[in-house]
Amino acid sequence: MAVKRDEPPPPRDGAHDGLHDDTRLAHAGRDSAAWHGFVNPPVYHASTVLSPTVSDLLNRTQPYIYGRRGTPTTDALERAVTSLEGGAGAVLCPSGLSACTLALLSCLKPGDHLLMTASVYGPVRHACEGVLARLGVETTWYDGSTPVAAAFRPNTRALYVEVPGSYTFDMHDIPALVRLAHTHGALVLADNSWATPLFFQPHAFGIDLSIQAGTKYLVGHSDAMLGMVSANARAWPALKQLHGDLGLCAGPDDVYLALRGLRTLGVRLRQHQRNALAVASWLATRAEVQRVLYPALPGDAGHALWRRDFRGASGLFSIVLQPAPAHAIDAFLDHLALFGLGYSWGGYESLALPFELDAHGLAARWPAGSCGVRLHIGLEDADDLIADLAAGLDRYAACASIAACEDAARC
Ligand SMILES: *Cc1c(COP(=O)(O)O)cnc(C)c1O
């Protein structure tokens, strides 16, 4: 199922090589001549770099000076990410969350004001209420219903978007937010973990700092934690400086796994998208499902924005189930054969995660007893995934109808 677009995607900022994404994924960051001809870089496990003479040591004549400051392995991934993002530079972090907080700290100081999307990834919300508040940074939360323009203050220094939002998958009008923020002199940060730079290009839309939880689709195999931040020329010096000051670096094996995952990102994402569209379209026909929250589905509230700004959709979305007794969700999820129960997403395998609607500002929209389930659609065969979910929803419906009978008997 190919996703059709009305218009060609906007040109990339800083990309002058004229290559297409899949070609770039295969070649970006490689330097085989420096790696003795090998296709892939060596994995440098490193702290100390030895210098041949005192003069070399003091004058820093060598390309590398210390493990924390970069190795040929980390350089390869940074170059690849910079090429994909089309930014001025990129840094690697030990997790996606550290990439989010680094990006925020790089553009905020005491007394500043931050505009933050209400559907942001939970631990980032916690960081706003914790470390940022402690540093004297005040956060105002916005969502699709807030007139964001009125929320800017003279000290607003940053606006943070996550598209689509965690759990709710709500979309924002990014070009409008970027215009507003830049008019007010604020930088714009985007958590682009869901789409990756393959399906959404933050810098091409004027976003200053583009964040990815590399743990998710870039690594793609649920076997490493990593984050990255890419910056345009305006945001790069402060980002690079703070990354160095905080001493952030990522483990060499994890960096290698991300580099390896990146080479197949295109084929994997297209398959995640194909499967997710098939499963989501089918779920939308089931009586147990009140709503599928997936901007790639026609009829989703964010579909028009998604079509306008994105080149594709990944495999993560939510459903809201009809009200049922609490144990119905256990009956549904406990016995799924192909969906694992767990946090994170972006690996090759399918996952399910129940969530409370009222924790995400969604309660008012749904009748009491409604339950949310986030699904990550992996690379399995879509028909097998649908059969697994069909059996699960039958179990859910059986619990709901038994409860209805019991209620009727009591009356
Ligand atoms: C998982 C996630 C993160 C954090 O990534 P970790 O590598 O788990 O720290 C950040 N943003 C979003 C949207 C995520 O889903």
Measuring from atom CG of Leu351 to atom CH2 of Trp345, what distance do you get when rounded to the nearest 0.5 angstrom? 11.0 Å
Rounded to the nearest 0.5 Å, what separates atom CG in Leu259 from atom CG in Leu77? 5.5 Å
Please tell me whether Ser119 and Glu162 have a donor and an acceptor in their side chains that are separated by less than 3.5 angstrom. no
For a quick check under 3.5 Å, do Ser350 and His376 share a side-chain donor-acceptor pair by atom type? no
Arg79, CZ: over 12 other non-hydrogen atoms inside 6.0 angstrom: yes
When you compare the side chain of Pro354 with that of Leu333, does any pair of heavy atoms fall below 4.5 Å? yes
How are the rings of Trp194 and Phe169 set relative to one another: parallel (under 30°), tilted (30 to 60°) or perpendicular (over 60°)? tilted
With a cut-off of 6.0 Å (strictly less than), are more than 12 heavy atoms of other residues, nucleotides or ligands near OH of Tyr44? no
The reported gap from CG in Asp253 to CG in Leu226 (rounded to nearest 0.5 angstrom) is 11.5 Å
Quiz question: by atom type and distance under 3.5 Å, do the side chains of Gln273 and Arg270 form a donor-acceptor pair? no
side-chain contact (heavy atoms from CB on, under 4.5 Å) partners of Pro110, counting only residues at least two apart: none
Can Arg311 be said to sit on top of Trp306's aromatic six-ring, NZ or CZ under 6.0 Å from centre and within 45° of the ring axis? no
Other residues, nucleotides, ligands: >12 heavy atoms within 6.0 Å of Arg291 CZ: no
Under 4.5 Å between any side-chain heavy atoms of Gln212 and Val229, yes or no? no
Does either side chain, that of Ser98 or that of Thr101, offer a donor lying less than 3.5 Å from an acceptor on the other one? no
Would you say that more than 12 heavy atoms from the other residues, nucleotides or ligands in this model lie under 6.0 Å from the NE2 of His335, or not? yes
Mind checking the OG-CG spacing from Ser314 to Leu269? Nearest 0.5 Å is all I need. 6.5 Å
Just wondering, more than 12 heavy atoms not from Tyr348 lying within 6.0 Å of its OH? no
SB check Arg286 Asp394 (cutoff 4.0 Å): yes
Please identify which of these residues, Asn155, Thr139, Thr156, meets the side chain to side chain donor-acceptor pair (under 3.5 Å) condition with His113. Thr156
Can you tell me if Ser210 and Glu85 form a side-chain donor-acceptor pair at under 3.5 Å? yes
Strictly by modelled atom types, are Thr61 and Asn59 linked by a side-chain donor-acceptor pair under 3.5 Å? no
Does the structure place the NZ or CZ of Arg374 under 6.0 Å from the centre of the six-membered ring of Phe355, at an angle of no more than 45° from the ring's axis? no
Taking side-chain contact (heavy atoms from CB on, under 4.5 Å) as the definition, give me every residue that meets it alongside Arg234, ordered by chain and number, with sequence neighbours left out. His182, Leu187, Asp208, Asn232
